[in-house]
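Below is one structure, written out as structure tokens; comments come after it.
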2 protein chains.
Amino acid sequence: MRTHAQHELTKNQALVYGSLSDAGGPLTAYAILDLLRENGFRAPLQVYRALDKLVEFGMVHRLESLNAFVACSHKGCAGHGSAAFAICEKCGDVREFTPDDVVRLLKDWTESQGFALARTTIELRGTCKSCVASG
Amino acid sequence: MRTHAQHELTKNQALVYGSLSDAGGPLTAYAILDLLRENGFRAPLQVYRALDKLVEFGMVHRLESLNAFVACSHKGCAGHGSAAFAICEKCGDVREFTPDDVVRLLKDWTESQGFALARTTIELRGTCKSCVASG
DNA sequence: GCATCTATGTTATGTTGTAACACACATAGC
DNA sequence: GCTATGTGTGTTACAACATAACATAGATGC
């Protein structure tokens, strides 16, 4: 299996991935576009096309419930299973984790139904520990 | 606990819920708007406001990965746990299920992290049994 | 050379969701 | 009665998210 680092990124892909890594949290496509205007980006498609590839490579995840994107937290990993996300609605923090047992159960269910599973989206909304503590 | 039927819906809420029930599958807000133009609907907000309430009542679920809405498949039920959805990318069919064991594991994880869980989104993308069979 | 594939740039447009403001109607308290 | 409050509604305008369609440029393989 290919590691993230082994993907040779094009210029635009590298710029988009850099934005997301530096941000340390989720960004919308249009937020990325604004960050990259100084690098010559002019149109949303430049961002979306790069994001499509990065998601395909597994280097970036799409957060469906936020319409946003986040760099995979496994910086140099050799690939991993389906990711899940705990999203704090107070501070916006997003924590990625890999609930293998959960994914296993979901796979069991799909297999029992004859459903050919391609992709799993798991997103938890709530309040993170520090926000619970502070308020 | 209140059952779905026990919620007394306003006119707009009833119209929107009716559209979704009749459709038997997911609809976007704008698709609902078009269906209800003959009933006097003119603007998206009329749909979105009704949907907000219906989702709050648990009578309608939002499918984050489709930006669409679907009537809860438990027609007259007395409420139930978090729902999950298997979405066929070939035929568009959406199957709702209630994976209590999965939700239990996710709750365990959030509790271990001090994360106060408010809402769980689980959406599986793939190909349903009959679409797999037919090629 | 030339076909092909991928990436890119650009304009315009399509789709999804809200802000802000005004009005109607019910109900609770005086 | 009549006022305050809360909720539902209608309307215009706009913001945010995403893609279609077409043109150009560079790399690779034959």
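Here is the naming used below: chain letters follow the sequence lines, and residue numbers restart at 1 for every chain.
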- Message: Using a strict threshold of under 4.0 Å (side-chain N to carboxylate O), is an ion pair present between A:Arg119 and A:Glu64?
- Response: yes

Min and max contacting nt of DNA chain D in 5' to 3' order, chain B heavy atoms within under 4.0 angstrom, are D:dG8 to D:dT12

DNA chain D nearest-nucleotide lookup for B:Asn67 and B:Ala50: closer to the 5′ end is B:Ala50

Of B:Arg49 and A:Phe69, the one whose closest nucleotide on DNA chain D sits nearer the 5' end is B:Arg49

Heavy-atom count around A:Arg42 CZ within 6.0 Å, excluding the residue itself: above 12?
no

Residues at least two apart in sequence or cross-chain that pass ring pair (Phe, Tyr, Trp, His ring centres under 6.0 Å) with B:Phe41, listed by chain then number, are none

Ordered by number, residues from residues 25-41 of chain A within less than 4.0 Å of DNA chain D (heavy atoms) are A:Thr28, A:Tyr30

So the ring pair (Phe, Tyr, Trp, His ring centres under 6.0 Å) pairs with at least one residue in residues 97-135 of chain A (sequence neighbours excluded) are A:Phe97-B:Trp109, A:Trp109-B:Phe97

TODO: Report yes or no: do A:Thr121 and B:Arg125 form a side-chain donor-acceptor pair below 3.5 Å?
DONE: no

Will you find, in the side chains of A:Arg49 and A:Gln13, an N or O donor that is under 3.5 Å from an N or O acceptor?
no

d(A:Leu105 CG, B:Asp101 CG) to nearest 0.5 Å is 4.5 Å

With ring centroids as reference points, do B:His61 and B:Phe69 lie under 6.0 angstrom apart? no

In short, the helix from C:dG1-D:dC30 to C:dC30-D:dG1 is bent end to end, axes from five pairs each side, to 10°, by 20°

Chain B reaches DNA chain C, atoms under 4.0 Å from its heavy atoms, from C:dT16 to C:dA20

### Message
The test is side chain to side chain contact (heavy atoms under 4.5 Å, CB included); show your working for B:Leu106 and B:Ile122 and say whether it passes.
### Response
CA-CA 11 Å; B:Leu106 289 170; B:Ile122 301 174; 4.0 Å; yes

TODO: Give B:Arg42 one of three labels, base, sugar-phosphate or nothing, depending on what nucleic acid heavy atoms sit under 4.0 Å from its own.
DONE: sugar-phosphate

